[in-house]
Amino acid sequence: MRLLLDTRVLLWAAGTPQRLSREIAALLNDQANALLFSAASIWEVCIKCSLGRSDFRVDAGILKRGLIDNGYLETPVTSRHAITSGLLPPIHKDPFDRVLVAQAIEEEALLLTADEVVARYPGPIRQIEVRPGV
């Protein structure tokens, strides 16, 4: 199975994996699954970090290198993804979340998200439970 992690889930998987349930940790550790991260997530981290968001205080270059070193595959944002994101119903206004949904659809990947609003989109999306902050 192809798993695309949204930005928050990606940050938890990389920095505080104890926040993820055992079930999600097992999915991420299953060698049969391909783990994907979006270039949009790296972009989102850069922007929110530069705006001083404490929940995005991470060096995006180090994050990207760590993900690749741990077997994650980068998914670039393409014009096809942009077009699909524009066709989505107006459930969520965040462009990063919309492109992640579009990528999940176009790349035939299951998007893992903790965001209940994102999880309302039709398509291959799974809302996950997370443990309280550690």
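Any value given below was found using the heavy atoms of this structure, including those in side chains, with hydrogens, waters and symmetry copies removed.
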For [X] versus [Y], what's the shortest heavy-atom pair and its separation?
| X | Y | result |
| --- | --- | --- |
| I42 | A60 | CG2-CB, 4.0 Å |
| A104 | L4 | N-CD2, 3.8 Å |
| A119 | I125 | CA-CG2, 3.8 Å |
| L111 | L5 | CD1-C, 4.2 Å |
| L10 | S41 | CD2-CB, 4.0 Å |

Same hydrophobic cluster for [X] and [Y], using side-chain heavy-atom links shorter than 4.5 Å among ILVMFWY?
| X | Y | result |
| --- | --- | --- |
| L110 | V101 | no |
| V58 | F37 | yes |
| L35 | V45 | yes |

Residue list, salt bridge (Lys or Arg N to Asp or Glu O under 4.0 Å) with R53, at least two apart or on another chain: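 For R53 the salt bridge (Lys or Arg N to Asp or Glu O under 4.0 Å) partners, ignoring immediate neighbours, are D55.
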I'd like to know if the side chain of E44 pairs up with that of T7 as donor and acceptor (distance under 3.5 Å, no hydrogens or angles considered).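 Side chains of E44 and T7: pair found under 3.5 Å.
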Would you tell me whether T84 and H81 have side-chain atoms, one donor and one acceptor, within less than 3.5 Å of each other?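 There is no such pair between these side chains.
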Do [X] and [Y] have side chains that approach each other closer than 4.5 Å (heavy atoms only, starting at C-beta)?
| X | Y | value |
| --- | --- | --- |
| E107 | R80 | yes |
| L11 | L63 | yes |
| L27 | L3 | yes |
| I105 | P124 | yes |

Determine yes or no for a side-chain-to-main-chain donor-acceptor pair under 3.5 angstrom, with [X] supplying the side chain and [Y] the backbone.
| X | Y | value |
| --- | --- | --- |
| N33 | R2 | no |
| R131 | Q18 | yes |
| N29 | A25 | yes |
| S21 | I24 | yes |

Under 3.5 Å donor-acceptor pairs involving side-chain atoms of residues 65-76, not counting sequence neighbours:
from	atom 1	to	atom 2	distance (Å)
R65	NH1	D69	OD1	2.9
N70	ND2	G66	O	2.7

If you count heavy atoms of other groups shown closer than 6.0 angstrom to CD of Q127, is the number above 12?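 Buried by this count: over 12 neighbours within 6.0 Å.
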Does [X] have any side-chain hydrogen bond (donor to acceptor under 3.5 Å, both in side chains) partners at least two apart in sequence or in another chain, and if so, which?
| X | result |
| --- | --- |
| E23 | R126 |
| K64 | none |
| Q103 | S38 |

For the atom pair CZ (R8) and OG1 (T113), what is the distance rounded to the nearest 0.5 Å?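 Here the rounded value is 9.5 Å.
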Under the criterion side-chain contact (heavy atoms from CB on, under 4.5 Å), I'd like the reasoning laid out for L112 against D6: C-alpha separation, chi angles, the key distance, then a yes or no. CA-CA 6 Å; L112 299 180; D6 83 357; over 6 Å; no
Under 3.5 Å, sequence neighbours excluded: what are the donor-acceptor pairs made by side chains of residues 89-99?
from	atom 1	to	atom 2	distance (Å)
H92	ND1	D94	N	3.1
H92	NE2	D97	OD2	3.2
H92	NE2	D115	OD2	3.4
D94	OD1	F96	N	2.7
D94	OD1	D97	N	3.2
R98	NH1	P89	O	3.1
R98	NH1	H92	O	3.3
R98	NH1	Y121	OH	3.0
R98	NH2	S85	O	2.6
R98	NH2	L88	O	3.2

